[in-house]
Amino acid sequence: MGLMLILVLACISTAGTILKKNYVNNTSDVKASLNIFMLLSHIIAAGYFFILAKGSVPLNVPTAIFSAMYAATCLSSVWFTMVGYNKTNLVYISVFSGAGSVIIPFILELCFSSQSFSISQILSVALRMLAILIPLFSGKRDKKGLTICIILFLICGVSGILPKMYAENPMVLSNSSFCFWTNIFIIPFVVILVLKKDGIKQLSSDMKKIGLINYAYIFSGTAISNISSLMLLYILTFVSATVYSVLSSSLGLILTALVSRFIYKEKLTKQILLSAAVSVLAIICGAF
C-alpha cells in the first residue's frame, strides 16, 4: 500500500514541477513574478486546508511549533527551487533535493531512533549518495546553480524528517490543522518580503502582466502541493522517513529527467543519465 502511494505521489509531484517550471519560464521578464507566486500560493493553500477541515483548525503548542518549523523549511524550499529553475538544470535540482531528503533523515533515524534498516535499504541509501556524487564531481558546474542545489540539499533534509516527527507525535492535532497553520505562518513573511522588495505599486503593475494562463499555473500547482502534503503525512504512517525518501526521491529524479529531456529539451549528459540509472538501482533496493 505504502509503495503504491509513493509512486502515485511521485507522479503528482512531477506534474507540479511542470506547472511551476512553466510559470517561471513564462514570467521570467516580470520582476515580482516569484513574490506573486509565493504570496498567492500560500493564501490559496491556507484557504484550501481551512475548507477541507470544515473550518475546524484548532491550534495547540506542539502543533504551532511543528507548523512554524515546517513553514520555515517550506518557504525556503519553494524560494530556492523557483530561483533554481532559472539557474540550473531540472535534474540537478532533483538530484540534490532528493539526496537531502534521503541522507539526512537516514542519518538522524540511524542515530536517534530504534528504526532498523535492512542491508538492501542501506545499499539503497548508499546508491542515492553515489547518484549525487556523479554530477557533483564531474563536468563543468555553474557556481550559483551549485550553491542553490547545496542549500536545497540541506532544506529538503530537514523537511523530510519534520512530517514524520509530526505524524508520530501523540500531542499534535490533525494533519489539516498542521497544513493550515503552516501556510498561515508563511503568509506574513511573504507579505513583508513583497513590500520590502517590490512595493505595492510594483506588485500591482506586475500582477497585470502575469496573464490568466500563469495564474492557472499558480492555482493548479498549489492544489497539487496541498494534495501532496496530505498524502505525505498519510504515507509516513506506513513506512519510515528513510524508505519514503529513498523511493520518492529516486522516482522523482527519473521522472524529472524524462520531463527535462522530452518537454523542456534540456541537455542530459552521460553523468546525469548515469545518476538516473543509479537511482533506478536505489528504487529496486529500497523496495525490499
Side-chain angles (χ1 to χ4, degrees), residues 7-42 44-45 73-101 131-132 135 141-142 144-153 155-156 159 186 190 206-207 209-229 231-232 248-269 271-273 275-276 279:
L7 174 59
V8 172
L9 180 55
C11 293
I12 292 175
S13 298
T14 301
T17 297
I18 293 173
L19 294 171
K20 292 173 184 176
K21 174 70 172 177
N22 286 348
Y23 175 85
V24 170
N25 288 349
N26 293 347
T27 61
S28 59
D29 59 341
V30 180
K31 180 182 177 182
S33 61
L34 178 54
N35 288 335
I36 291 171
F37 179 93
M38 298 282 287
L39 181 61
L40 292 181
S41 62
H42 291 296
I44 295 167
T73 59
C74 288
L75 181 61
S76 301
S77 178
V78 172
W79 175 267
F80 283 105
T81 298
M82 298 293 283
V83 172
Y85 286 151
N86 276 331
K87 299 295 183 180
T88 189
N89 189 287
L90 272 177
V91 178
Y92 279 93
I93 293 174
S94 181
V95 165
F96 280 85
S97 60
S101 67
I132 71 164
R141 303 182 302 275
D142 176 75
K144 289 184 178 180
L146 179 60
T147 299
I148 291 173
C149 287
I150 293 173
I151 292 172
L152 282 172
F153 172 90
I155 293 172
C156 290
S159 63
I186 288 175
V190 176
D206 284 355
M207 288 186 76
K209 301 177 183 177
I210 295 296
L212 290 178
I213 184 63
N214 295 310
Y215 280 114
Y217 288 143
I218 296 177
F219 280 89
S220 301
T222 301
I224 286 176
S225 296
N226 295 339
I227 294 170
S228 298
S229 297
M231 284 189 66
L232 169 59
S248 65
S249 61
S250 299
L251 283 168
L253 175 58
I254 294 168
L255 292 173
T256 300
L258 293 174
V259 167
S260 173
R261 177 65 182 88
F262 295 106
I263 295 182
Y264 298 109
K265 310 301 181 182
E266 294 178 338
K267 183 179 179 181
L268 298 182
T269 63
Q271 289 78 17
I272 292 177
L273 293 175
S275 182
S279 294

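Numbers here simply count residues along the sequence, with the first being 1. Values below: all heavy atoms of this structure, side chains included; hydrogens, waters and symmetry mates excluded. This one's a predicted model, so the numbers in the text were calculated from it and none came from an experiment.
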Go through Thr81 and Ser97 one step at a time and tell me if the side chain to side chain contact (heavy atoms under 4.5 Å, CB included) criterion holds.
-> CA-CA 9 Å; Thr81 298; Ser97 60; over 6 Å; no

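- The minimum heavy-atom distance linking Asp29 with Asn26 is given by the pair OD1-O, 4.1 Å.
- In this structure, CD1 on Ile186 lies 7.5 Å from CE on Met38, to the nearest 0.5 angstrom.
- The backbone N or O of Asn22 sits nowhere less than 3.5 Å from a side-chain atom of Tyr85 that would complete a donor-acceptor pair.
- Counting only distance, with no hydrogens or angles, the side chain of Asp206 and the backbone of Val30 share no donor-acceptor pair below 3.5 Å.
- The distance from the CD1 atom of Ile155 to the CD1 atom of Ile150 is 12.0 Å, given to the nearest 0.5 Å.
- One finds the OG atom of Ser41 at 9.0 Å from the CG atom of Asn226 (value rounded to the nearest 0.5 Å).
- Proximity of a side-chain donor or acceptor of Ser13 to a complementary backbone N or O of Ala10 within less than 3.5 Å is not detected.
- Side-chain contact between Ile18 and Ile263 is present, with at least one heavy-atom pair separated by less than 4.5 Å.
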Kindly determine whether Leu40 and Phe219 satisfy side chain to side chain contact (heavy atoms under 4.5 Å, CB included), including the steps that lead there.
-> CA-CA 8 Å; Leu40 292 181; Phe219 280 89; 5.5 Å; no

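- Figure legend: Lys21 and Tyr264 shown as a cation-pi pair, the cationic atom lying under 6.0 angstrom from the six-membered ring centre and within 45 degrees of its axis.
- Between atom CG of residue Leu90 and atom CG of residue Leu258 there is a gap of 12.0 Å, rounded to the nearest 0.5 Å.
- No donor-acceptor distance shorter than 3.5 angstrom exists from the side chain of Ser260 to the backbone of Thr256, with no hydrogens or angles considered.
- Once rounded to the nearest 0.5 Å, the distance linking CD1 of Ile93 with CD1 of Ile148 reads 7.5 Å.
- Listed for the Tyr23 side chain is a donor-acceptor partner under 3.5 Å among the backbone atoms of Ser33.
- Atoms CZ and CG, from Phe80 and Leu152 in turn, are 7.5 Å apart once rounded to the nearest 0.5 Å.
- Looking only at side-chain heavy atoms (C-beta outward), Val78 and Phe37 come within less than 4.5 Å of each other.
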Could you walk me through whether Ile227 and Met231 pass side chain to side chain contact (heavy atoms under 4.5 Å, CB included), step by step?
-> CA-CA 6 Å; Ile227 294 170; Met231 284 189 66; 4.1 Å; yes

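- Scanning all heavy atoms of the two residues, the minimum distance from Ser228 to Ile12 falls at OG-CG2, 3.8 Å.
- Ser77 places no side-chain N or O within donor-acceptor distance of the main-chain N or O of Thr73, the cut-off being under 3.5 Å.
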Side chain to side chain contact (heavy atoms under 4.5 Å, CB included) between Ile210 and Ile36: does it pass, once the steps are laid out?
-> CA-CA 9 Å; Ile210 295 296; Ile36 291 171; 4.0 Å; yes

